[in-house]
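The structure appears right after this line, and notes come after that.
Nothing here was measured: the structure is a model prediction, and the numbers come from that model.
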There are 2 protein chains.
Amino acid sequence: MVSDEEFKITDFNEWFNDITQRAELADLRYNVKGIVVYRPWSTFTINKIFRLFEDTFDETGHEQVIMPLLIPEENFYKEAEHVEGFSPEVFWVTEHGSEKLEQRYALRPTSETAFYYMFSYWLESYRDLPLKTYQRANIFRYDTKQTRPFFRGREFYWFETHNLFETHDDSFAQAIQDMHITEDIVHLELGIPFIFFKRPEWDKFAGAEDTFAADTMLPDGKACQVATTHLLGQRFTKAFNVKYRDKDEETKIPYGTCYGPGITRIYGVLISVHGDNRGLRLPFEVAPVQIIIVPLYFSGEDNELLEKLCVDFASDLDKLGFRVKIDDNREKKPKERFSFYEMKGVPLRIEIGPKDLETSQVVLFRRDLNTKKTVSFTELFEEISKIANEFTDNLRSQADDSFESRLSTASTKEELRKELGKGKLVRIPFCSIDTDGKDCYAHLKAETEGAEIRGTRMDIEETPDADELCIICGNKAREYVYVAKSC
Amino acid sequence: MVSDEEFKITDFNEWFNDITQRAELADLRYNVKGIVVYRPWSTFTINKIFRLFEDTFDETGHEQVIMPLLIPEENFYKEAEHVEGFSPEVFWVTEHGSEKLEQRYALRPTSETAFYYMFSYWLESYRDLPLKTYQRANIFRYDTKQTRPFFRGREFYWFETHNLFETHDDSFAQAIQDMHITEDIVHLELGIPFIFFKRPEWDKFAGAEDTFAADTMLPDGKACQVATTHLLGQRFTKAFNVKYRDKDEETKIPYGTCYGPGITRIYGVLISVHGDNRGLRLPFEVAPVQIIIVPLYFSGEDNELLEKLCVDFASDLDKLGFRVKIDDNREKKPKERFSFYEMKGVPLRIEIGPKDLETSQVVLFRRDLNTKKTVSFTELFEEISKIANEFTDNLRSQADDSFESRLSTASTKEELRKELGKGKLVRIPFCSIDTDGKDCYAHLKAETEGAEIRGTRMDIEETPDADELCIICGNKAREYVYVAKSC
């Protein structure tokens with residue numbers, strides 16, 4: 001028998017497709033290609049993640065707005081790189097009723113061209129800066145790769161912040177704050193480890209001067225981007241004529257940034273990094289049901305007392321603020337019922353049978369460690385609170401260990417291929433992530449079956465020694481870059 | 001000088017357009033006709049309203065899902081009345097990149113045809129019933145009437161619940177629960193009075209067997225619908241082949257309902273019913289800023305102490321869970337600063353000057369009553385908590401009084417016209433809200449400059465005496481209906 005982790009590693013795709021169906025997370029049967037339906041069990045947690053970000057943005061001084069979904073074609077064409085990057089993926093609205101519209105409207109593939117259009121009206125004085133806004137939005141991109149629920153589809157949900165600053169330094173400080181927001185929510189609250197990379201010149205957001213992206217590693221050894229923050233410099237402010245008067249009444253052009261944590265994507269990563277071969281393991285705070293009470297009915301026993309006790313436990317736990325349910329299914333065997341809630345990722349299970357009434361104790365199962373423990377009635381609530389407090393820490397710590405074990409290094413192409421084959425995120429000495437490194441990148445990609453250069457680390461400083469050489473061209477290595485297959 | 005209420009009545013349109021701009025609630029300058037941008041001050045409260053509904057739906061056993069925005073043309077044409085009602089208003093997506101799509105996709109004008117498509121997969125057994133789902137969604141309708149932010153536009157936000165039941169009675173019970181949800185949130189939490197009417201046959205939702213709608217009255221004497229719940233019978237379940245096996249293994253067709261509180265519309269109504277001629281008055285719980293502290297700086301005084309006191313007050317109030325801000329603008333006069341926050345609808349204002357430091361007291365202004373009171377430092381937090389608790393009750397009670405005063409009766413066409421001229425919601429004896437009353441409705445509308453029959457009351461039972469006659473045709477009046485101009 002393989003361990004949970006091995007199961008996931010050897011067949012992550014099958015695991016993911018299977019759990020998506022069995023746990024009723026997403027439905028692929030809706031009749032628009034590339035677009036899925038998110039079912040209640042996933043939507044509940046997704047909504048919790050929405051709220052985590054909204055509450056954090058309130059604290060970081062970002063103000064929520066609601067921008068239109070439709071973007072006029074004329075806006076879309078104002079920033080040259082942007083339109084080039086996004087045009088092939090845009091859905092166009094062209095008709096209403098039985099009539100043609102006066103111009104085509106894009107379903108937003110991202111909203112710079114809506115926000116900056118309004119910024120030109122909103123920004124007047126240096127007193128308005130920094131201007132920090134955000135919205136929660138459904139986004140449309142005609143992606144031609146295979147649909148995978150949460151990870152890849154033609155409609156997805158994210159937050160996008162759009163911010164203006166007086167100086168380039170201020171805008172960079174915002175990117176750093178965005179990294180902290182990601183750490184606070186994605187890592188600390190949701191237990192997903194990642195590294196923020198500065199993306200190579202050839203892999204930036206269309207219209208950005210610099211792109212910083214948080215990559216985590218999936219169980220199949222592929223890197224997956226969960227959030228990005230971009231320095232837009234003055235590209236969009238110039239394109240949309242966004243200006244302000246500074247203290248000396250001079251007209252200046254502000255610097256823009258945007259941050260985009262992909263919420264549906266983060267959910268996909270959440271279940272992938274924490275899941276095991278029994279199914280989902282959901283962080284305590286965002287689980288739709290936190291505690292499931294499973295009464296074990298015996299024929300000939302006094303089930304009425306048992307039922308009452310379960311109802312009392314549930315009611316008390318509900319009052320303590322826990323999301324609790326009772327499984328009163330008498331038709332299925334206990335083992336089947338246990339497996340079901342383990343598969344759904346319910347953090348805690350209370351098992352209680354008629355015999356337990358006599359001894360005043362229950363069996364408590366915890367999904368973070370997959371262990372059982374007998375607990376007396378009097379100690380139950382205290383034990384549950386204790387587990388609730390440490391549950392997500394345990395998931396995070398296991399995920400951190402797994403992530404750490406995926407970091408590796410290579411100093412030759414042969415080593416790199418070997419480490420990539422083991423599903424690693426591999427550090428190599430490389431000539432350059434600027435335009436002059438693009439040829440080496442092409443060679444690297446060709447020789448590694450499509451691995452990608454994720455960029456240079458933003459969380460720590462690390463520089464190759466003076467004598468280290470790019471493993472592709474053999475010239476001096478200016479930086480350490482990380483390489484992985486992409487999800 | 002006119003009273004606040006009179007100002008609003010005589011020029012509600014001007015008041016509304018003015019406050020929308022001055023309080024920075026919505027921006028009409030975005031370059032898609034009929035679509036506006038919602039700015040932070042309104043979006044904050046709109047988001048609070050979203051959460052009120054989500055938290056309530058959790059309690060009523062509705063499960064949140066995320067359905068696609070795009071609806072294939074083929075789904076859309078399955079229910080005959082539905083397609084007839086919505087077709088003229090639909091935006092169509094026809095292209096991606098530079099290519100034609102294989103079929104047109106509608107931007108959802110409502111989502112029955114997406115939900116019922118999935119219900120046909122999800123529903124199997126009587127054990128799955130009731131099936132109660134909901135989503136938060138942006139909705140698109142090519143409305144040709146004049147855009148009014150929050151009230152009328154081509155993109156708006158609502159919740160839509162979609163529910164299936166075994167029997168017609170169960171489905172009707174859901175409609176009643178929807179009315180209670182509306183009462184709990186729209187009336188009790190937001191202070192907006194309304195009456196639920198059963199809409200006449202000719203004014204039902206396209207595809208519904210019965211429509212119940214909550215109407216409030218705006219300051220200009222026009223009725224405004226804030227939420228609807230519809231009995232869909234078996235129309236959509238039949239059209240989409242949604243079936244289940246009952247206890248006896250027989251195949252049955254369930255009954256559907258849907259409920260749609262318009263969130264952006266509710267915000268528009270919120271500011272309209274509570275506002276006065278100083279501007280907005282926002283219920284305490286949903287105001288972006290609940291308490292504004294305005295230090296009154298004097299030259300030559302020790303402003304440092306004053307500043308410190310304000311920061312301390314703000315910090316203490318923040319810890320108590322209030323949303324509090326300090327206005328440290330030294331360039332504007334106190335009166336100007338006071339007016340600004342009154343216009344923005346901030347519930348409470350603390351004014352404090354250097355002299356107050358000596359006497360250890362502040363002036364506390366409350367926007368529900370527009371009154372000032374001197375309060376000692378020691379009593380301040382208690383007084384604020386007291387006002388916070390009763391603030392929304394006061395707004396609601398004033399709005400209830402105003403709503404009550406708009407109810408009227410008429411027993412002749414002449415009286416009806418007179419009462420409508422006074423901006424009333426007028427009860428009249430009427431022959432029928434079934435199809436046989438449609439001619440009388442047409443006459444009534446023509447003779448009242450377009451007034452609408454809102455329907456019969458759902459909150460109380462009232463029936464005309466046996467000898468009362470329809471004020472249009474003179475036949476026996478089967479019911480009392482309410483008539484008003486529509487917003």
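Residue contact with chain A, scored on non-hydrogen atoms closer than 4.5 Å, involves the side chain of Arg127(B) exclusively. For Thr94(B), the parts lying under 4.5 angstrom from a heavy atom of chain A are both the backbone and the side chain. In this structure, no portion of Tyr134(B) lies under 4.5 Å from any heavy atom of chain A. Only the side chain of Asn138(A) comes within less than 4.5 Å of a heavy atom of chain B; its backbone N, CA, C and O stay farther away. Only the side chain of Glu74(B) comes within less than 4.5 Å of a heavy atom in chain A; its backbone stays farther off.
Counting heavy-atom pairs under 4.5 Å between each of Glu102(B), Glu89(B), Gln64(B), Glu99(B) and chain A puts Gln64(B) at the top. With respect to chain B, the highest number of heavy-atom pairs below 4.5 Å among Glu63(A), Glu95(A), Met67(A) belongs to Glu95(A). Counting heavy-atom pairs under 4.5 Å between each of Phe91(A), Trp92(A), Trp41(A) and chain B puts Trp92(A) at the top. Contact count versus chain B (heavy atoms, under 4.5 Å) is highest, among Asn75(A), Thr133(A), Leu101(A), for Asn75(A). Most heavy-atom pairs under 4.5 Å with chain B, from the set Ser42(A), Pro68(A), Pro88(A): that is Pro68(A). With chain B as the partner, the residue from Phe86(A), Tyr30(A), Tyr105(A) showing the most heavy-atom pairs under 4.5 Å is Tyr30(A). Your options are Leu70(A), Ile71(A), Ile35(A), and the one with the most heavy-atom pairs under 4.5 Å with chain B is Leu70(A).
Other residues, nucleotides and ligands contribute over 12 non-hydrogen atoms within 6.0 Å of the NZ atom of Lys78(A). Other residues, nucleotides and ligands contribute at most 12 non-hydrogen atoms within 6.0 Å of the CD atom of Glu84(A).
Contacts of residues 112-121 of chain B with chain A at a heavy-atom distance below 4.5 Å involve Ala114(B), Tyr117(B), Met118(B), Tyr121(B), listed in sequence order. Heavy-atom proximity under 4.5 angstrom to chain B picks out Phe44(A), Ile46(A), Asn47(A), Arg51(A), Glu54(A), Asp55(A) from residues 44-57 of chain A. Contacts between residues 141-161 of chain A and chain B, counted as heavy-atom pairs separated by less than 4.5 Å, involve Tyr142(A), Glu155(A), Tyr157(A).
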| task | May I have the step-by-step check of side chain to side chain contact (heavy atoms under 4.5 Å, CB included) for Phe140(A) and Val93(B), ending in yes or no? | result | CA-CA 12 Å; Phe140(A) 293 82; Val93(B) 180; over 6 Å; no
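The side-chain contact (heavy atoms from CB on, under 4.5 Å) check on Ala314(B) picks up Ile293(B), Val324(B), Ile326(B), with sequence neighbours excluded.
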